[in-house]
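Notes follow the structure.
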Amino acid sequence: MIYEMRTYYAMPGKLRAVVQRFADVTHDLFLKYGFRPVGYWTESVGDNTKFHYMLAWENDAERRAKWAEFRDDPERIRAFAESEKDGPIVARIENSIWEATSFSPQLPA
């Protein structure tokens, strides 16, 4: 199992729009394509422009295949365009792939 940790840096004043898009569209599409969300987070202390989430994958081949399906989904394309009709809501994305150590507690998959 590998874990993908992603951080979205919202455009100024757009964090709520990023979170709303995940709540209304992205999360359901993740489930449709077999993604395994571990969790979604915002920061209550610190930088309030970041939205973090983690996904669990069997391996990198699964991750690549499912991301490709997700990106091509017509519903996603329409919803993302609609959410950005007044301009982009995400300034940049950081992405990292994590592997658990042998002594790490078991995370949900």
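In this chain, residues are counted from 1 in sequence order. These figures come from a predicted structure and were not determined experimentally.
- Side-chain N or O atoms of Glu82 include none that pairs as donor or acceptor with a backbone N or O of Arg78 at under 3.5 Å.
- A distance-only check finds a donor-acceptor pair linking the side chain of Lys66 to the backbone of Gly34 [under 3.5 Å].
- Using modelled atom types and a 3.5 Å distance limit, the side chains of Thr26 and Arg21 yield no donor-acceptor pair.
- Within a 6.0 Å sphere centred on CZ of Arg6, heavy atoms belonging to other residues, nucleotides or ligands number more than 12.
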(request) Take Val90 and Phe80 through the side-chain contact (heavy atoms from CB on, under 4.5 Å) test and state the conclusion after the steps. (result) CA-CA 11 Å; Val90 175; Phe80 277 42; over 6 Å; no
(request) Would you sort out whether Arg36 and Leu55 count as a side-chain contact (heavy atoms from CB on, under 4.5 Å), showing the intermediate values? (result) CA-CA 5 Å; Arg36 288 182 294 281; Leu55 303 167; over 6 Å; no
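- The aromatic rings of Trp57 and Trp67 sit tilted relative to each other, their planes meeting at an angle between 30° and 60°.
- In summary, the side chains of His27 and Tyr40 do present a donor paired with an acceptor at a separation below 3.5 Å, with no hydrogens or angles considered.
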(message) Would Asn48 and Thr42 count as a side-chain contact (heavy atoms from CB on, under 4.5 Å) here? Give the steps.
(response) CA-CA 7 Å; Asn48 66 356; Thr42 57; over 6 Å; no
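- A distance of 6.0 Å or more separates the ring centres of Phe51 and Tyr9.
- When the shell of 6.0 Å around CH2 of Trp41 is examined, it contains more than 12 heavy atoms from other residues, nucleotides or ligands.
- Salt-bridge annotation for Glu94 and Arg92: present, with a side-chain N of the basic residue lying under 4.0 Å from a carboxylate O of the acidic one.
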